[in-house]
Amino acid sequence: MAVIKRNLEPLTTSELKQNGVPPPTTEKVSGKVWFYLVLLTIQYGAQPLISKRCIKREVIVTSSVLACEVAKVTCALFLIMKEGNLKKMYKEWTLIGALTASGLPAAIYALQNSLLQISYKNLDSLTFSMLNQTKLLFTAFFTYLILRQKQSVQQIGGLVLLILAAVLLSVGEGTGKGSSGSDADLILFHGIIPVLVASVLSGLASSLCQWASQVKKRSSYLMTVEMSVVGSLCLLASTYKSPDGEQIRKHGFFYGWTTFTLIPVLTNAVGGILVGLVTAHAGGVRKGFVIVSALLVTALLQFIFDGKPPSIYCLLALPLVISSISIYQKYPYKLKKKSS
């Protein structure tokens, strides 16, 4: 199913190279890559705050998700054209290959994006960001299930810390001060549960994308285009029966939109491109530090712009989240050398 050893052990760096899968770079990070890292940190940290402030509650979730997918396709096509690979990819592209590599992840990501848009509106920015980090846990689970990539003891410990942080946040948000029963239910069913389900879907889709990139050798930019198109078609099909579809037919696609609504749509699309650049040039370890730093950016921006200090539950959960992600990135699983 994937490019792995017969004994289901992950490939070594030399074996990855032989199979055409480039390992993460370990070279010194250049100034340009540091620029990408800083931009991605800011984008990760600011996205929940930007979405909450710029997207009104009246905005139909499906319309904002579809607009984001269009922006992603535009950015990816521009980058493919800039690399001069558009003509070559067009000649080699097949519908069966696209559906095999990108079809299922695209449908999963489309549902995930809709759930995230719902959560943005019902959770404070810091709580959303920390709960969203549980996708690391599910990514590890599905990566092992699909690719048989094992976790070290330290990584398993880090994932346990992450679960504890998620439980703390769930209890804190559900029993917060001054929250009526209806407010608590709204936060739980329209904030916490959607973002946790989205994290499960993110882990599954991420593992499927990794499988496609190793086995099918798909370009990350091409997969962005394919997944955005397939995901958009899935969303459009769902509008025939969904409440969002009824709202669009009744009020119009851009109901509730303002000029500011475009800001989170564009920043989310640019963030998707930056993830690919950081992963390609800096590797997954440094991307992990970006995620940790983004949590601190979210807390700082929320305090500056909303004047809302973190709750006691957030303060207790924050070091758990930071520790868990740091441990997970710092202590990867290492193959034991077998004696002859």
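Counting from 1, the numbers follow the sequence of the chain as shown.
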Peer 1: Looking at side-chain heavy atoms only, is the closest gap between Leu123 and Ile192 below 4.5 Å?
Peer 2: yes
Peer 1: Do Leu208 and Ile108 touch side chain to side chain, with heavy atoms closer than 4.5 Å?
Peer 2: yes
Peer 1: Kindly check if the number of other-residue, nucleotide or ligand heavy atoms within 6.0 Å of CD1 (Ile96) is above 12?
Peer 2: no
Peer 1: Run the side-chain contact (heavy atoms from CB on, under 4.5 Å) test on Met89 and Ile80 for me, step by step, so that the C-alpha distance in whole Å, both residues' side-chain angles and the decisive distance to 0.1 Å come before the verdict.
Peer 2: CA-CA 9 Å; Met89 287 185 179; Ile80 293 173; 3.9 Å; yes
Peer 1: Looking at Thr261 and Gly256, what are the two nearest heavy atoms and their distance?
Peer 2: OG1-O, 4.4 Å
Peer 1: Might you point out which heavy atoms bring Ile263 and Ile50 nearest each other, and give the distance in Å?
Peer 2: CG2-CG2, 3.9 Å
Peer 1: Clusters formed by hydrophobic residues whose side-chain heavy atoms approach within less than 4.5 Å: which one holds Trp257, and what are its other members?
Peer 2: Ile55, Val59, Ile60, Val61, Val65, Leu66, Ile118, Leu235, Leu236, Ile248, Phe253, Phe254, Tyr255, Leu262, Val265
Peer 1: Gly158 and Ser324: which non-hydrogen atoms are nearest, and at how many Å?
Peer 2: O-CB, 2.8 Å
Peer 1: Linking I/L/V/M/F/W/Y whenever their side-chain heavy atoms sit closer than 4.5 Å, directly or via other members, would Leu274 and Phe35 fall into one cluster?
Peer 2: yes
Peer 1: Taking a hydrophobic cluster as the set of Ile, Leu, Val, Met, Phe, Trp and Tyr residues connected by side-chain heavy atoms closer than 4.5 Å, whether directly or through intermediates, do Leu301 and Leu266 fall within one such cluster?
Peer 2: no
Peer 1: If you define the side chain from C-beta out and look only at heavy atoms, does anything of Val195 sit under 4.5 Å from Phe128?
Peer 2: yes
Peer 1: Report yes or no: do Val70 and Met223 belong to one cluster of Ile/Leu/Val/Met/Phe/Trp/Tyr joined by side chain heavy-atom distances under 4.5 Å?
Peer 2: no
Peer 1: Show your reasoning for whether side-chain contact (heavy atoms from CB on, under 4.5 Å) applies to Ile146 and Leu204.
Peer 2: CA-CA 9 Å; Ile146 296 172; Leu204 176 58; 4.2 Å; yes
Peer 1: What distance separates Thr74 OG1 from Leu79 CG, expressed to the nearest 0.5 Å?
Peer 2: 11.0 Å
Peer 1: Using a distance-only test with no angle check, is there a side-chain donor-acceptor pair under 3.5 angstrom linking Gln47 and Ser51?
Peer 2: yes
Peer 1: Grab the two heavy atoms, one from Lys241 and one from Glu246, that are nearest each other, plus how far apart they are.
Peer 2: O-OE2, 4.4 Å
Peer 1: Please, which pairs that meet salt bridge (charged side-chain N to carboxylate O under 4.0 Å, His left out) have at least one residue in residues 44-55, sequence neighbours excluded?
Peer 2: Arg53-Asp306
Peer 1: Going from OG on Ser119 to CG on Leu196, what distance comes out if it is rounded to the nearest 0.5 angstrom?
Peer 2: 8.0 Å
Peer 1: Quick one: side chain to side chain donor-acceptor pair (under 3.5 Å) pairs with a partner in residues 188-202, sequence neighbours left out?
Peer 2: Thr134-Ser199
Peer 1: If you compare all heavy atoms of Thr239 against all heavy atoms of Arg249, which two are closest, and at what distance to 0.1 Å?
Peer 2: O-NH1, 2.9 Å
Peer 1: State yes or no: do Val197 and Leu188 share one hydrophobic cluster built from I, L, V, M, F, W and Y residues joined by side-chain heavy-atom distances below 4.5 Å, directly or via other members?
Peer 2: yes
Peer 1: Between Gln112 and Val200, is any pair of side-chain heavy atoms under 4.5 Å apart?
Peer 2: no
Peer 1: According to the salt bridge (charged side-chain N to carboxylate O under 4.0 Å, His left out) rule, which pairs have a member within residues 55-66, sequence neighbours left out?
Peer 2: none
Peer 1: Looking only at heavy atoms, what is the nearest atom pair of Gly45 and Val297, with distance?
Peer 2: CA-CG1, 4.0 Å
Peer 1: Do Val225 and Tyr221 have side chains that get closer than 4.5 Å, going by heavy atoms?
Peer 2: no
Peer 1: Once rounded to the nearest 0.5 Å, what's the spacing between atom CG of Leu39 and atom OH of Tyr44?
Peer 2: 13.0 Å
Peer 1: Applying the side-chain contact (heavy atoms from CB on, under 4.5 Å) criterion to Ile327, which one of Ile322, Leu161, Val160 satisfies it?
Peer 2: Leu161
Peer 1: Rounded to the nearest 0.5 Å, how far apart are OG1 of Thr94 and CG of Leu99?
Peer 2: 8.5 Å
Peer 1: If hydrophobic clusters are built by linking Ile, Leu, Val, Met, Phe, Trp and Tyr wherever their side-chain heavy atoms come under 4.5 Å apart, do Phe303 and Ile312 end up in the same one?
Peer 2: no
Peer 1: Do any pairs count as a side chain to side chain donor-acceptor pair (under 3.5 Å) and have a residue in residues 223-232, sequence neighbours left out, and if so which ones?
Peer 2: Glu69-Ser228, Trp93-Glu226, Ser102-Glu226, Arg218-Glu226
Peer 1: For residues 84-96, which residue pairs pass the salt bridge (charged side-chain N to carboxylate O under 4.0 Å, His left out) check, not counting sequence neighbours?
Peer 2: none
